[in-house]
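In what follows, a single structure is set out as structure tokens and then discussed.
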Amino acid sequence: MIEIHPSARVSAMADIEDSVRGTRIAVGAHSVIDSFVKVKPAGGHGDLVVGEHVVINAGCVLYTGNGIRIGNHVAIAANCTFAPVNHAYAERGRLIREQGFLPSKGGIVIEDDVWIGANCVLLDGAVLRQGCVVGAGSIVRGELHPYTVYAGQPLKAVGERR
């Protein structure tokens, strides 16, 4: 089920696939989903809930997997990937593509007033607390503190918002 608030703007060149499993995709008031954003319900039964006044820039890919919750006033730069799924791979006697998925680590949670730089990858279990900033090209897999600036690979705190 796809629910887009009447004041939200979704580019005609965005691709939001509806779920065959009942996953809900909701986009809040005054949010913008830019050209070439891809939303794909894959790898789980989680919902994608986008808050109000959120901007998701061109080229981002969001797999719904175990769920993505994006708060209000969040800015997501171009070409980010959100992957709240964990592929199984341990069984040598089975092809990778037949092994399915591991249990959820909680999906992805992004609280209010967060900025995510270009080309970031957010993995299952990522929690970005209110006001944090993630520098371009970072990989996020755990919990980030509020109002803290992170960058690099491996990801580390490099500053704070005052």
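If you read the sequence from its start, that first residue is 1, and numbering goes on from there. As a basis for the values below, the full set of heavy atoms in this structure was taken, side chains included, without hydrogen atoms, waters or symmetry mates.
Under the side-chain contact (heavy atoms from CB on, under 4.5 Å) rule, Leu122 has a single partner from Ile68, Ile76, Ile116, which is Ile116. When each of Asp34, Val32, Leu62 is checked for a side-chain contact (heavy atoms from CB on, under 4.5 Å) with Ile56, only Leu62 meets the rule. Exactly one residue among Gln130, Arg162, Arg129 makes a side chain to side chain donor-acceptor pair (under 3.5 Å) with Tyr147. That residue is Gln130.
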Exercise for the section: Walk me through it: do Ile25 and Glu17 pass the test side-chain contact (heavy atoms from CB on, under 4.5 Å)? Expected result: CA-CA 9 Å; Ile25 298 167; Glu17 286 186 35; over 6 Å; no
Problem - Residues Val134, Val140; criterion side-chain contact (heavy atoms from CB on, under 4.5 Å); working and verdict - result: CA-CA 8 Å; Val134 180; Val140 182; 3.9 Å; yes
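Using a 4.5 Å heavy-atom cutoff, the side chains of Val127 and Leu144 are not in contact. Here the side chains of Ile2 and Ile4 are in contact, with some heavy-atom distance below 4.5 Å. Residues Thr81 and Tyr63 have side chains in contact (heavy-atom distance under 4.5 Å, counting atoms from C-beta outward). Val54 is not listed as a side-chain neighbour of Asn72, based on a closest heavy-atom distance of 4.5 Å or more. Inter-residue side-chain proximity for Arg24 and Val49 is flagged as met; some heavy-atom pair is nearer than 4.5 Å. Residues Lys156 and Tyr150 fail the side-chain proximity criterion, which asks for heavy atoms closer than 4.5 Å.
Leu155 is connected to Ile108 through a chain of hydrophobic side-chain contacts under 4.5 Å among Ile, Leu, Val, Met, Phe, Trp and Tyr, so both are in one cluster. By the criterion of side-chain heavy atoms lying less than 4.5 angstrom apart, applied directly or through intervening Ile, Leu, Val, Met, Phe, Trp or Tyr residues, Val61 is not grouped with Val10; the two fall into different hydrophobic clusters.
Under the 3.5 Å distance criterion, the side-chain polar atoms of Gln99 are matched with a main-chain donor or acceptor of Arg94.
Residues passing the side chain to side chain donor-acceptor pair (under 3.5 Å) test with Asp124, sequence neighbours excluded: Asn66, Asn86. Residues forming a ring-ring contact (aromatic ring centres under 6.0 Å, His included) with His53 (at least two apart in sequence, or on another chain): His30, His73.
Ion pairing of Glu111 with Arg69 is absent here, as no side-chain N (NZ or NE/NH1/NH2) approaches a carboxylate O to less than 4.0 Å.
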